[in-house]
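Counting starts at 1 for both ligands and their atoms, in listed order.
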Amino acid sequence: MNVLVVGSGGREHALCWKLNDSAKVDRVFAAPGNGGTAREATNVAVKDDDIDGLIKLAKAEKVGLVVVGPEAPLVKGLADALAAEGIPCFGPSAYAAQLEGSKAFAKNVMRAAGVPTAAFGVFDDAEAARAYVREKGAPLVVKADGLAAGKGVVVARTVEEALGAIDDMMVAKSFGAAGARVVVEDALVGEEASFLAFCDGENYALLPSAQDHKAVGEGDTGPNTGGMGAYSPAPVLPEAKYAETAELCIRPILRHLAAAGHPFKGVLYAGLMFTKDGPMVLEYNVRFGDPECQPLLMRLDSDLVDIMFACAGGSLKPDMVRVRPETALCVVVAAPGYPGSYPKGMAISGLDEADKLPGVKVFQAGTKVDGGKTVTSGGRVLGVTALGATLSEAKAKAYEAVAKVGFEGCYFRRDIGDKGINRTK
Ligand code: AMP
Ligand code: GLY
């Protein structure tokens, strides 16, 4: 069978790599892909949100399964368009994708389904939002309703900061239409973890816990990024708690969407915060996290195509997802200046040397092949990932591999995994 992976990040490189493992897969295509997917798949220059172009490509290459990496095409209706053509798709419908595409939708579903989440208000009117902020007092979190590339969330420590965020989103319209509506919610305190489940509309099969590092700087300082590193499992959510946590944050959503006539098929990502009152859901994503996908797929010990087909076809069984006992840890190597502006086109050295280390895989994100050389083309450039018997061992192996790669001005956080290591001490 031929498989088409949609997207161009480190997540998509990992997806292509893992899909290639399956004896059922003949060819993997990536649209548009990157320098890493070019090593595992055939890149085709179709944009990830060009729905007509993707359908044409899927038909031309007799694709038997489309795997959608990022959220934007799902929110735009790629899964629905593929369904109309009878092409199996791993990823939810546009209706179900609103869980990520609209924070207000997600909060209302959480409330209706009884999922623990921060108290909130939804506002289409800036004055009403300001009044809510003044009444509630700080700290508060202000979120643009729509997709804002991970930048539409402001954790405000003061009332003034919250009011500023409202002005920025609703009056200055810095996120365009995505900020016309805002969610204002209570600020929660605790350690975060990512908990992902394969879903077939009714049943789920859990992946192990993971933890992202969203802030650019060590010790979780500085502006937020797409994620500077991740590892799995995350000791803050141990295996003994998976079942009850899933019943709290996965099952109610599946039931709610199925009852609404829009069953969720794909991977549901719950962004959790472990507060003193128990786990609370901060957000849902309707796709794999990036970089969480890289360590999760490195641990996956079963056929990804079987799982994805079962999700699309409604025949998922929990034991289809088998996971290696080791810990996997991914360190993102970024371009100088990221998450602000950064240069592109820098030659990357040491890729093959790092890849040769046992238990190491270098996933590429913002890269492309230019004249036979791999050069940078984005902010998050590499996701250097390693398996180890323990979290400390995975960390040591990943950083040993990081030391072998390089490009001008590259940087990375040196503390990926430390929250987990400290917790297990
Ligand atoms: P979101 O896109 O909703 O996950 O928000 C991005 C980040 O903002 C999260 O990973 C948290 O670090 C932070 N955040 C979101 N909601 C809250 C909240 N209610 N309380 C505290 N921090 C939050
Ligand atoms: N790593 C967080 C995300 O993919 O949204």
(message) How about CD on E247, more than 12 heavy atoms from neighbouring residues, nucleotides or ligands closer than 6.0 Å, or not?
(response) yes

(request) From the options E100, E71, E292, R287, select the one residue that forms a side-chain hydrogen bond (donor to acceptor under 3.5 Å, both in side chains) with Y269. (result) E292

(request) Give the ring-plane orientation class for F198 versus F288, where under 30° counts as parallel, over 60° as perpendicular and anything between as tilted. (result) perpendicular

(request) With F90 as reference, evaluate V267, V68, V305 under the side chain to side chain contact (heavy atoms under 4.5 Å, CB included) test and give the passing residue. (result) V267

(message) Quick check: Y95 with F105 (ring centres under 6.0 Å apart)?
(response) yes

(request) Among all protein heavy atoms, pick the one closest to atom 2 (C) of ligand 2 and tell me residue, atom and distance. (result) D212 OD2, 3.3 Å

(message) Using a strict threshold of under 4.0 Å (side-chain N to carboxylate O), is an ion pair present between D418 and K395?
(response) yes

(request) Give a yes/no on ligand 2: does G226 have at least one heavy atom closer than 4.0 angstrom to it? (result) yes

(message) Taking the basic N atoms (NZ, or NE/NH1/NH2) and the acidic carboxylate oxygens, is any pair closer than 4.0 Å for K214 and E283?
(response) yes

(request) If the plane angle is over 60° it's perpendicular, under 30° parallel, otherwise tilted; pick one for F412 and Y399. (result) tilted

(message) So for atom NZ, which belongs to K368, do other residues, nucleotides or ligands contribute more than 12 heavy atoms lying within a distance under 6.0 Å?
(response) no

For ligand 1, find each of its N or O atoms that sits under 3.5 Å from a protein N or O atom, and tabulate the pairs with distances to one decimal place.
from     : atom 1 : to   : atom 2 : distance (Å)
ligand 1 : 2 (O)  : K103 : NZ     : 3.1
ligand 1 : 2 (O)  : E283 : OE1    : 3.2
ligand 1 : 3 (O)  : K103 : NZ     : 3.3
ligand 1 : 3 (O)  : K143 : NZ     : 2.9
ligand 1 : 4 (O)  : E283 : OE1    : 3.2
ligand 1 : 4 (O)  : E283 : OE2    : 3.0
ligand 1 : 10 (O) : E192 : OE1    : 2.6
ligand 1 : 10 (O) : K214 : NZ     : 3.0
ligand 1 : 12 (O) : E192 : OE1    : 3.4
ligand 1 : 12 (O) : E192 : OE2    : 2.5
ligand 1 : 16 (N) : K143 : NZ     : 3.0
ligand 1 : 16 (N) : E185 : OE2    : 3.3
ligand 1 : 19 (N) : E185 : OE2    : 2.7
ligand 1 : 19 (N) : D186 : O      : 2.9
ligand 1 : 20 (N) : L188 : N      : 2.8

(request) Tell me which part of E292 gets within contact of ligand 2: side chain, backbone, both or neither, using heavy atoms under 4.0 Å. (result) side chain

(request) Run the numbers for me: atoms of ligand 2, each under 4.0 Å from some heavy atom of Y269, listed by number. (result) 2 (C)

(request) Decide whether an N or O pair under 3.5 Å exists between R11 and ligand 2. (result) no

(request) Would you mind telling me if ligand 2 is within reach of the side chain of R287, the backbone, both or neither, using heavy atoms under 4.0 Å? (result) side chain

(request) Check each atom of ligand 2 against the heavy atoms of N285 and keep those under 4.0 Å away; list them by number with element. (result) 5 (O)

(message) Is it true that D212 and S194 share a donor-acceptor pair across their side chains at a distance under 3.5 Å?
(response) no

(request) Would you check whether G227 reaches within less than 4.0 Å of ligand 2, judged by its heavy atoms? (result) no

(request) Can you sort out which atoms of ligand 2 are near G289, meaning under 4.0 Å from one of its heavy atoms? (result) 4 (O)

(request) Can you label the angle between the Y242 ring and the F195 ring as parallel, tilted or perpendicular, going by 30° and 60°? (result) tilted

(message) Counting only nitrogen or oxygen atoms and a 3.5 angstrom limit, does K214 reach ligand 2?
(response) no

